[in-house]
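Each remark here refers to the structure printed beneath this line.
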Amino acid sequence: MKRACRFGSLRLRWLLPALLAIVPACGRPPAATPEPENPLTAATPAADNRTRAPAVAGLFYPADPRRLAETVDRHLAAAPTNRLEDVRALIAPHAGYDYSGPVAGCAYQQVVGRGYETVVILAASHYAAFRGASIPATEAYQTPLGRVRVSPKARRLAQTPPFVLEPRCRVQRPRWAGVTPATLPAAGEDTPETWEHSVEVQIPFLQRALSEFNILPVVFGDADPLEVARALVPWLDDRTLVVASTDLSHYHPYNQACVIDRQTVQAICSLDLDRLTGVEAEEAACGRRPVMTLLHLARLQGWQARLLDYRNSGDTSGDKRAVVGYAAIAFSGASNAPPPIRPLKPGSTQVPLDPKAQEYLLALARQTLTEVTANRTLPEIAPATVPAACSEAKGCFVTLTRQGELRGCIGNLLPQGPLYLSVIRNTRNAALEDPRFRPVTSAEARLLRIEISVLTVPQPLTFSSPEELLARLQAPLDGVVLGIGDHLATFLPQVWEQFPDKTEFLNHLAAKGGSPPLAWRGKDVHVSTYRVQAFAEPR
């Protein structure tokens with residue numbers, strides 16, 4: 001199971017004093033002085049007043065064009081190459097490349113060589129307080145790798161509320177302003193675009209991943225994400241990519257950050273906007289408003305989210321005392337995508353699938369089991385024929401048994417697209433990929449019984465001692481996710497039948513995750529619980 005997360009943004013009750021507390025780099029602070037290189041070499045044309053000059057070259061990323069290209073290419077080459085089809089949007093971090101570069105590489109590897117004409121970059125404002133969503137008044141952005149045009153659509157979009165054309169506003173210059181390669185504006189001339197690194201650091205990755213493209217940067221002030229999303233929809237097409245720029249939690253100890261970020265990723269991947277509101281969520285990610293806008297777009301357009309990578313600065317730098325989280329998440333969709341998915345509400349204890357939906361999913365799992373064991377193919381399902389409840393995003397497990405003995409069990413705790421597709425995928429994997437068993441044969445498939453467990457989204461369980469943990473677990477209702485340091489494992493609620501004693505249950509769960517049986521009584525322990533609706537073929 002991959003790590004997951006929780007999340008937030010800045011409100012305009014920010015105003016500057018609160019804003020300044022996080023300005024150093026929204027990820028990790030840059031060095032006190034720039035890199036010992038010529039920030040803009042002869043290979044980089046000088047910016048003019050129609051071009052936004054780079055503010056963080058030599059601070060967040062190399063200023064030398066050759067070094068910058070090598071750095072970006074290295075991160076792209078190191079990323080997994082299992083690419084999704086029809087990628088419509090990405091979430092990518094915006095810290096210094098030394099910290100977040102590997103995660104950004106995982107995001108942008110998904111779009112290398114693809115033919116996007118316009119890239120909409122949704123970014124948080126770290127230094128400016130204003131109302132609306134700022135569209136740049138310049139014609140291009142400059143980086144050491146060259147000049148990228150701002151889309152002609154930008155000025156037309158700026159005429160639609162809540163968008164505004166690069167307003168003059170209250171701006172607190174970052175502490176690194178004195179060492180920026182950019183020419184300092186005159187006093188009072190700063191805008192939301194002047195110092196904002198969360199747009200700029202995305203551009204070199206785009207320049208190395210794509211060929212010809214324009215950008216449409218949007219810097220968020222006090223703007224309603226739903227209003228922004230609705231205004232953007234008419235401007236989106238198959239050749240438009242949306243990038244939401246954000247880091248996750250800031251400056252928590254490593255293990256605490258992993259727990260917070262896990263909740264954020266859960267919320268994002270299940271398109272759960274409810275969990276991204278409120279005071280707590282505001283402190284879990286600096287780009288909360290851009291990400292909420294992207295989730296609204298995903299709901300409106302029928303896109304599905306997939307976590308590509310999660311790490312934090314402790315993983316990339318080795319210093320785990322106060323870390324910043326980074327996630328790469330892709331959103332994909334097609335013209336024949338199912339209706340927009342409706343994630344479960346947090347805290348739900350029931351998964352309301354009626355008997356007809358259960359019957360459909362069991363029949364689909366049986367068809368999948370028959371086809372994959374006979375000829376290794378998967379059923380082709382027309383999304384329009386799928387019951388609405390089976391198109392919602394839900395986690396699920398598929399369990400195969402033979403005469404009551406386990407024969408395979410694979411699933412996903414977090415929603416990963418429509419439920420019916422998860423059932424197909426997990427049935428195939430339970431039959432062929434469960435490492436505990438040999439693959440199921442075609443002849444054996446007829447002898448197996450299929451059970452499907454549909455999950456609510458796991459919720460963190462708070463406790464201050466092993467005794468309180470035991471008291472708060474609700475057997476036999478709770479499915480349990482146990483994290484001990486970096487080790488994670490889960491038991492479905494059905495496992496309580498085998499281990500009805502809570503201590504024995506947790507001992508076996510810790511061992512399943514690769515920890516000593518009693519490690520759940522120690523430090524660095526975090527627990528989430530969920531409920532399931534389980535249904536099976538007749539015996």
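Since the structure is predicted, the reported quantities are computational estimates derived from the model, not experimental observations.
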Crowded around R321 CZ? As in, over 12 foreign heavy atoms under 6.0 Å?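 Count not over threshold, so no.
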
Does a side-chain heavy-atom distance below 4.5 Å link [X] with [Y]?
| X | Y | value |
| --- | --- | --- |
| V243 | L241 | yes |
| T246 | I91 | yes |
| P80 | C106 | yes |

Return yes if a side-chain donor-acceptor contact under 3.5 Å exists between [X] and [Y], otherwise no.
| X | Y | result |
| --- | --- | --- |
| Y254 | D315 | yes |
| N426 | N412 | yes |
| Q304 | R88 | no |
| T316 | Y326 | no |
| S515 | H487 | no |
| H197 | Y61 | no |
| W520 | N507 | yes |

Fit a plane to each ring of F505 and W496, take the angle between them on a 0 to 90° scale, and name the class: parallel (under 30°), tilted (30 to 60°) or perpendicular (over 60°). parallel

To the nearest 0.5 Å, what is the distance between [atom1] on [X] and [atom2] on [Y]?
| X | Y | atom1 | atom2 | value |
| --- | --- | --- | --- | --- |
| H526 | F463 | NE2 | CZ | 9.0 Å |
| L308 | R83 | CG | CZ | 11.5 Å |
| L122 | L216 | CG | CG | 9.0 Å |
| T456 | K394 | OG1 | NZ | 10.5 Å |
| D309 | R311 | CG | CZ | 4.0 Å |
| Q266 | D272 | CD | CG | 10.0 Å |

Could you tell me whether the side chain of [X] and the main chain of [Y] form a donor-acceptor pair under 3.5 Å?
| X | Y | result |
| --- | --- | --- |
| K502 | L473 | yes |
| K512 | T490 | yes |
| S332 | V87 | no |
| R472 | T462 | yes |
| Q202 | P93 | yes |
| S317 | Y99 | no |
| D501 | T503 | yes |
| E196 | H126 | yes |
| S249 | I260 | no |
| S453 | F397 | no |

Stepwise, does the side chain to side chain donor-acceptor pair (under 3.5 Å) test hold for R306 with Q110? CA-CA 11 Å; R306 176 76 61 85; Q110 290 289 325; over 6 Å; no

Any Lys/Arg nitrogen of [X] or [Y] sitting under 4.0 Å from an Asp/Glu carboxylate oxygen of the other?
| X | Y | result |
| --- | --- | --- |
| R521 | E467 | yes |
| R66 | E70 | yes |
| D224 | R289 | no |

Side chain to side chain donor-acceptor pair (under 3.5 Å), that's the test. Do T143 and E200 meet it? Break it down for me. CA-CA 8 Å; T143 81; E200 181 180 330; over 6 Å; no

List the residues meeting salt bridge (Lys or Arg N to Asp or Glu O under 4.0 Å) with R425, not counting sequence neighbours, and say none if there are none.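 Counting only residues at least two positions away or on another chain, R425 forms no salt bridge (Lys or Arg N to Asp or Glu O under 4.0 Å).
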
Taking salt bridge (Lys or Arg N to Asp or Glu O under 4.0 Å) as the test, write out the residues that go with E433, two or more places apart.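 Partners of E433 by the salt bridge (Lys or Arg N to Asp or Glu O under 4.0 Å) criterion, ordered by chain and then number, come out as R428.
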
Before you tell me yes or no, could you show the steps for N429 and V398 under side chain to side chain contact (heavy atoms under 4.5 Å, CB included), namely the whole-Å CA-CA distance, both residues' side-chain angles and the distance that decides it to 0.1 Å? CA-CA 9 Å; N429 291 341; V398 174; over 6 Å; no

Identify the heavy atoms of C396 and L419 that sit nearest to each other, and give their distance.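 In this case the closest contact between C396 and L419 is CB-CD1, 3.7 Å.
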
The test is side chain to side chain contact (heavy atoms under 4.5 Å, CB included); show your working for V324 and L248 and say whether it passes. CA-CA 6 Å; V324 176; L248 299 179; over 6 Å; no

Going by the ring pair (Phe, Tyr, Trp, His ring centres under 6.0 Å) test, name the single residue among Y108, F205, F60 that passes it with Y97. F205

Run the side chain to side chain contact (heavy atoms under 4.5 Å, CB included) test on L470 and L506 for me, step by step, so that the C-alpha distance in whole Å, both residues' side-chain angles and the decisive distance to 0.1 Å come before the verdict. CA-CA 9 Å; L470 292 171; L506 290 175; 3.8 Å; yes

